[in-house]
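The structure appears below as structure tokens.
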Amino acid sequence: METGSVADSLLSGACVFFTLGMFSTGLSDLRHMQMTRSVDSVQFLPFLTTDVNPASLFCPCSNLGWLSYGVLKGDGTLIIVNTVGAVLQTLYIAAYLRYCPQKRMVLLQTATLLGVLFLGYGYFGVLMPNDEARLQQLGLFCSVFTISMYLSPLADLAKVIQTKSTHRLSFSLTIATLLSSASWSLYGFRLSDPYITVPNLPGILTSFIRLWLFWKYPPEQDKNYRLLHT
């Protein structure tokens, strides 16, 4: 087997492994909702944007749009990752809807983003008869959603700096996001596909910012800080 083929296979496997690892970090929130029958301390919007917008790569940001992109492009790596991701994220959203007391607002957010998604599909299916043009426009559409997914936690990062507390951050999710974003950026670079490479770069950046915050405000310090203010 050629060296290039081996490298491509390893890179593809890394994308699948790290992305599914990132998705699996949400299982703790799912377990928490099932055990407590509540959605306390669980944010809804990250679940929703990940499901509609794939990327997490896959994250999401993520899955339904990138799944369509993968099918249109014939990319098995994208198809596998985002099929599994779409199923997992749908389970997360369903559990949140079940235990959330304010279902009207959650349903409104869901309907709004799904409406945007369906409008996009209608646009690509009806007004974009050319496969090449459709692929480019869909790639741009997915890229925008993916970038928004990775930038959405910036408000939380500002609160971390303000409170000097990292209790709202997940270290395991940070590592998983960094590895996933890096592997997909390399994968896109290998394929010369900017729609995969570019939107994952913010994921690398925000992950390093989170790691810096964990170093700046370690959990031990955070614990002492909260005890002093109790």
Side-chain angles (χ1 to χ4, degrees), residues 11 13-51 53-63 81 84-85 88-89 91-93 95-96 99-100 145-187 197-230:
L11 185 55
C15 289
V16 173
F17 179 78
F18 292 135
T19 302
L20 295 185
M22 183 174 69
F23 287 148
S24 66
T25 59
L27 292 175
S28 60
D29 285 329
L30 183 60
R31 184 164 49 250
H32 172 79
M33 288 187 285
Q34 291 176 331
M35 292 179 62
T36 64
R37 304 186 70 82
S38 72
V39 294
D40 293 340
S41 75
V42 178
Q43 293 182 326
F44 173 66
L45 190 58
F47 287 141
L48 186 57
T49 53
T50 300
D51 187 65
N53 132 61
S56 39
L57 289 166
F58 323 139
C59 222
C61 140
S62 271
N63 309 116
V81 165
V84 176
L88 288 176
Q89 298 301 326
L91 289 176
Y92 297 154
I93 293 173
Y96 195 98
Y99 300 116
C100 178
F145 270 90
T146 299
I147 292 174
S148 69
M149 179 193 72
Y150 282 131
L151 296 182
S152 62
L154 289 180
D156 285 338
L157 298 185
K159 291 181 180 179
V160 169
I161 296 175
Q162 182 181 7
T163 62
K164 296 181 173 57
S165 170
T166 56
H167 75 277
R168 65 175 61 239
L169 299 181
S170 169
F171 186 79
S172 60
L173 179 58
T174 298
I175 296 299
T177 301
L178 175 60
L179 295 174
S180 177
S181 300
S183 60
W184 280 108
S185 295
L186 291 173
Y187 184 78
T197 302
V198 174
N200 283 281
L201 296 178
I204 299 175
L205 175 62
T206 56
S207 294
F208 276 119
I209 293 176
R210 290 187 182 195
L211 289 174
W212 177 79
L213 289 173
F214 276 112
W215 173 81
K216 182 72 173 180
Y217 310 115
E220 295 79 7
Q221 173 181 307
D222 179 46
K223 181 179 180 181
N224 294 332
Y225 177 85
R226 282 180 287 170
L227 287 175
L228 289 174
H229 290 75
T230 300

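Because only heavy atoms are used, hydrogens play no part in the values below, and waters and symmetry mates are left out as well, while side chains stay in.
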Acceptor/donor pairs from residues 203-215 side chains to any protein atom, 3.5 angstrom cut, sequence neighbours excluded:
residue	atom	partner	partner atom	Å
Thr206	OG1	Pro202	O	3.0
Thr206	OG1	Gly203	O	3.3
Ser207	OG	Leu178	N	3.4
Ser207	OG	Gly203	O	2.7

message: For a 4.5 angstrom cut-off between non-hydrogen side-chain atoms, does Trp184 reach Val81?
response: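 Touching, per the 4.5 Å side-chain cut-off.
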Write down the atom of [X], the atom of [Y], and the distance for their closest heavy-atom approach.
X      : Y      : value
Cys15  : Ser183 : SG-O, 3.4 Å
Ser180 : Thr19  : OG-OG1, 3.0 Å
Ile147 : Pro199 : CG1-CA, 3.6 Å

message: Rounded to the nearest 0.5 Å, what separates atom CZ in Phe18 from atom CG in Leu179?
response: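 Those atoms lie 4.5 Å apart.
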